[in-house]
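Values below: all heavy atoms of this structure, side chains included; hydrogens, waters and symmetry mates excluded.
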Amino acid sequence: MRKIVLTFGIVAGAIVATVMLISMYLVEAGKMEASLLLGYASMVLALSVIFPAIKSYRDKEQGGAITFGKALLIGLIISAIASCIYAIGWEIFISSSGMSAVDLTNKMYEGQVTAMKEAGATAEELAQYQIGDWYNTFILRYLFTAFGEMFPVGLIISLICAAILRKKSVLPTTTAV
């Protein structure tokens, strides 16, 4: 199981981190909504490797049978690995931006804040929308990025894949003499 979750987790993480870094050009071009759509679409695409990973483990190492719990565990481990790689990609982007994490993120959402102001948002609503100073703390930012952004997507995909691929063991048939 270790080889399967590492292989598929690294592949998923590499896909989503690469697309995330590319999508930052959309942010710089002022196309935040397109960047968000591309980002979440890439998460779903990258985490779709969970299905073949569970199927491969079930068919090749479990003799065609797997419980829902074991399938879910495989999906969650792949999701965790991919989420950590995604967060590493985000940290690389932040460090190359030359800005603090809070300033960078608030700049990314500047368009939404402006639209909220034009729509008559209160100062309190605007303050809730912006990232707080906690985001400058590496460990909090890393955990939020990995397990608050991407991992929930992996959880949903893992639940779906585990439900589809669970399969009770097939008992050998006996023949009457």
Side-chain angles (χ1 to χ4, degrees), residues 1-29 31-102 104-105 108 131 134-167 169:
M1 181 169 93
R2 183 180 303 172
K3 182 179 178 186
I4 287 175
V5 296
L6 281 174
T7 301
F8 284 93
I10 290 169
V11 166
I15 290 168
V16 78
T18 301
V19 174
M20 183 263 300
L21 291 171
I22 292 168
S23 75
M24 289 300 111
Y25 289 107
L26 291 171
V27 171
E28 291 174 8
K31 298 180 181 186
M32 184 64 182
E33 289 178 12
S35 174
L36 289 171
L37 180 62
L38 178 62
Y40 280 104
S42 72
M43 288 179 193
V44 172
L45 173 69
L47 291 168
S48 68
V49 303
I50 291 170
F51 189 91
I54 294 171
K55 187 172 183 332
S56 175
Y57 181 76
R58 180 192 75 186
D59 296 345
K60 293 179 181 172
E61 296 186 32
Q62 296 292 109
I66 194 165
T67 64
F68 176 84
K70 187 71 159 187
L72 180 61
L73 179 64
I74 291 168
L76 293 177
I77 293 171
I78 291 169
S79 298
I81 293 168
S83 296
C84 288
I85 294 170
Y86 169 74
I88 290 168
W90 179 240
E91 290 301 320
I92 290 169
F93 179 74
I94 288 172
S95 67
S96 66
S97 74
M99 299 174 74
S100 78
V102 171
L104 173 66
T105 306
M108 287 173 52
I131 298 288
W134 66 268
Y135 201 70
N136 277 327
T137 306
F138 169 77
I139 192 70
L140 295 176
R141 180 179 61 248
Y142 184 87
L143 291 172
F144 175 78
T145 303
F147 296 102
E149 291 180 21
M150 185 167 171
F151 190 78
V153 177
L155 172 62
I156 293 167
I157 292 171
S158 296
L159 286 166
I160 293 168
C161 292
I164 292 170
L165 292 169
R166 72 175 178 233
K167 191 174 183 183
S169 62

Work out which heavy atom in Y86 is nearest to a heavy atom in A17; give both atom names and the distance.
CA-CB, 4.3 Å
Are the side chains of I66 and I74 in contact, using a 4.5 Å heavy-atom criterion?
yes
Pair S79-I157, side chain to side chain contact (heavy atoms under 4.5 Å, CB included): steps then yes or no:
CA-CA 9 Å; S79 298; I157 292 171; over 6 Å; no
Check whether any side-chain N or O of S96 sits under 3.5 Å from a backbone N or O of F93 as a donor-acceptor pair, and report yes or no.
yes
Given 3.5 Å as the limit, does a donor-acceptor pair link the side chain of Y142 with the main chain of C84, or not?
yes
How far apart are the closest heavy atoms of L38 and S23, and which atoms are they?
CD2-CB, 3.7 Å
Begin with the C-alpha distance, continue with both residues' side-chain angles, and end with the deciding distance and a verdict on side chain to side chain contact (heavy atoms under 4.5 Å, CB included) for F68 and L159.
CA-CA 9 Å; F68 176 84; L159 286 166; 3.9 Å; yes
Enter the distance from R166:CZ to R58:CZ here, rounded to the nearest 0.5 Å.
12.0 Å
List the steps and the verdict of side chain to side chain contact (heavy atoms under 4.5 Å, CB included) for F51 and L165.
CA-CA 8 Å; F51 189 91; L165 292 169; 3.6 Å; yes
Between the main-chain N or O of G39 and the side-chain N or O of S42, is there a donor-acceptor pair closer than 3.5 Å?
yes
If you look at every heavy atom in A12 and V49, which pair is closest and at what distance?
CB-CG2, 3.8 Å
Measuring only between side-chain heavy atoms, which start at C-beta, is R141 closer than 4.5 Å to I94?
yes
To the nearest 0.5 angstrom, please state how far the NZ atom of K167 sits from the NZ atom of K55.
7.5 Å
If you take all heavy atoms of M43 and E149, which pair is closest and at what distance?
SD-O, 4.1 Å
For Y135 versus T145, what's the shortest heavy-atom pair and its separation?
OH-OG1, 3.8 Å
How many angstroms lie between CD1 in I54 and CD1 in I78, if you round to the nearest 0.5 Å?
6.5 Å
Please report the interatomic distance NZ(K70) to CE(M1), rounded to the nearest 0.5 Å.
4.5 Å
d(C161 SG, L47 CG) to nearest 0.5 Å is 9.5 Å
At what distance, to the nearest 0.5 angstrom, does OG1 of T18 lie from CD1 of I22?
6.5 Å
Search all heavy atoms of G89 against all heavy atoms of L21 and return the closest pair with its distance.
O-CD2, 3.5 Å
Show the numbers, then the answer: is there a side chain to side chain contact (heavy atoms under 4.5 Å, CB included) between V16 and I85?
CA-CA 8 Å; V16 78; I85 294 170; over 6 Å; no
